[in-house]
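Since the structure comes first, as structure tokens, the remarks are kept for the end.
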Amino acid sequence: MNPVQKEQQNPTPEFEPIPAKKTRPSHLSRTRKPSSGDNANEIWFLTLSDLLLLLVIFFVLLFGLTWQQQNRPVATPAPEEPVSVSPPPLVPLAEVSHPDSRTAGLPAQNTVPENLEQALAHSLGLIAQEQGITLEHRGPELVLTFPERIVFDTGQAGLKAAAEPILGKVGAVILNHTGMLVEIHGHTDDRPIRTPRYPSNWELSADRATQVAKSLIQRGINPAQVSVKGYGEHRPLAPNDSEMNRLKNRRVEIHFNTPDTGSRS
């Protein structure tokens, strides 16, 4: 018997598979590991809860402060008595309120015709009292003063529309006194001005006086009677140490005098 036949007669026994033992998953294996998305949701929830807590604290504090302020006793101020501010009255003609250094040494006799004083006072009347226009003697001269607010805007030399009727009344009086000299002075306060048109207060004051003179001449005043001067801030009525005093210093003056007294100025 050959070896092949032996192998056919005695086949090799087959090995039976060993059944695998089923193991139960442990408790640790059943615990699912949190994914990255779960961690993000948890962080977001913590941030939101912190924010809400801060908002609650803020509103509690705000409510407490409001309640404290409402319950705090408020001191009631004593009622103030109303203060009536009236414009400066028309200065009596015989009173010199603002002495001029140029006329301080001159006699104080009245060289201006009385009818001119009366005519100006009568023509301006209530307008002068309401607008703060003054009429006064300075030595031999009669001076009519216009505050800046009546005739000009601050820093400008264009006449206001409201000033034209007032200058018309003055011009009508001057027309009845053909021999009277009219000298117009422009004044400012000490605040500097630097514009292409007005490098200094001198130019501004001179331009203002010129505009008043032109307005009078357009009403028929003889140009030979009229002259203009600009003094800038160099002849104040009061020290430039307050807004009220600066307001007084910003003005235009019309000086009336006879040819004899005019040569002294």
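It should be emphasised that the depicted structure is a prediction, and the values quoted were computed from it without experimental measurement.
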Problem set entry | Leu124/Val170 under side chain to side chain contact (heavy atoms under 4.5 Å, CB included): CA gap, chis, key distance, verdict | CA-CA 8 Å; Leu124 296 176; Val170 176; 4.3 Å; yes

Working to the nearest 0.5 angstrom, can you tell me the gap between [X] [atom1] and [Y] [atom2]?
{"X": "Glu203", "Y": "Arg197", "atom1": "CD", "atom2": "CZ", "answer": "11.5 Å"}
{"X": "Thr145", "Y": "His185", "atom1": "OG1", "atom2": "NE2", "answer": "10.5 Å"}
{"X": "Asn201", "Y": "Asp190", "atom1": "CG", "atom2": "CG", "answer": "8.5 Å"}
{"X": "Leu62", "Y": "Ile57", "atom1": "CG", "atom2": "CD1", "answer": "13.5 Å"}
{"X": "Leu167", "Y": "Gln218", "atom1": "CG", "atom2": "CD", "answer": "10.5 Å"}
{"X": "Arg250", "Y": "Thr188", "atom1": "CZ", "atom2": "OG1", "answer": "9.0 Å"}

Problem set entry | side chain to side chain contact (heavy atoms under 4.5 Å, CB included) assessment of Leu159 paired with Lys214 | CA-CA 10 Å; Leu159 286 172; Lys214 287 182 177 179; over 6 Å; no

Kindly say whether [Y] contributes a backbone atom to a donor-acceptor pair with the side chain of [X] at under 3.5 angstrom?
{"X": "Asn249", "Y": "Ala238", "value": "yes"}
{"X": "Arg208", "Y": "Gln156", "value": "yes"}
{"X": "Gln225", "Y": "Met180", "value": "yes"}
{"X": "Asn257", "Y": "Glu141", "value": "no"}

For this session: Indicate yes or no: does Arg246 engage Glu233 in a salt bridge with an N to O separation below 4.0 Å.
Result: no

Exercise. Going by an N to O cut-off under 4.0 Å, is there a salt bridge joining Glu253 and Arg138?
Worked result: yes

Write down the atom of [X], the atom of [Y], and the distance for their closest heavy-atom approach.
{"X": "Ala209", "Y": "Gly186", "value": "CB-N, 3.8 Å"}
{"X": "Ser205", "Y": "Gly232", "value": "OG-N, 2.9 Å"}
{"X": "Gly171", "Y": "Ile221", "value": "O-CD1, 3.4 Å"}
{"X": "Gly155", "Y": "Ile193", "value": "O-CD1, 4.1 Å"}

Exercise. Would Ile166 and Ile133 count as a side chain to side chain contact (heavy atoms under 4.5 Å, CB included) if you check the C-alpha gap in whole Å, the side-chain angles of each, and the deciding distance to 0.1 Å?
Worked result: CA-CA 10 Å; Ile166 302 175; Ile133 301 172; 4.1 Å; yes

Cluster check [X], [Y]: I/L/V/M/F/W/Y, side chain < 4.5 angstrom:
{"X": "Trp202", "Y": "Leu204", "result": "no"}
{"X": "Leu53", "Y": "Leu61", "result": "yes"}
{"X": "Leu175", "Y": "Val212", "result": "yes"}

Is the shortest side-chain heavy-atom distance between [X] and [Y] below 4.5 Å?
{"X": "Val173", "Y": "Phe256", "result": "no"}
{"X": "Phe146", "Y": "Gln131", "result": "no"}
{"X": "Arg149", "Y": "Leu247", "result": "yes"}
{"X": "Leu120", "Y": "Leu142", "result": "yes"}
{"X": "Val252", "Y": "Phe152", "result": "yes"}
{"X": "Asn222", "Y": "Thr178", "result": "no"}
{"X": "Asp153", "Y": "Lys160", "result": "yes"}
{"X": "Leu135", "Y": "Val143", "result": "no"}

For this session: Please work out whether the ring planes of Tyr231 and His187 are parallel, tilted or perpendicular, with thresholds of 30° and 60°.
Result: parallel

Exercise. Does any donor atom in the side chain of Ser215 or Glu164 lie under 3.5 Å from an acceptor atom in the other side chain?
Worked result: yes

Exercise. Does one side chain, of Glu117 or His137, offer a donor that lies under 3.5 Å from an acceptor on the other?
Worked result: yes

Exercise. For atom NE2 of His122, is the number of surrounding heavy atoms from other residues, nucleotides or ligands below 6.0 Å larger than 12?
Worked result: no

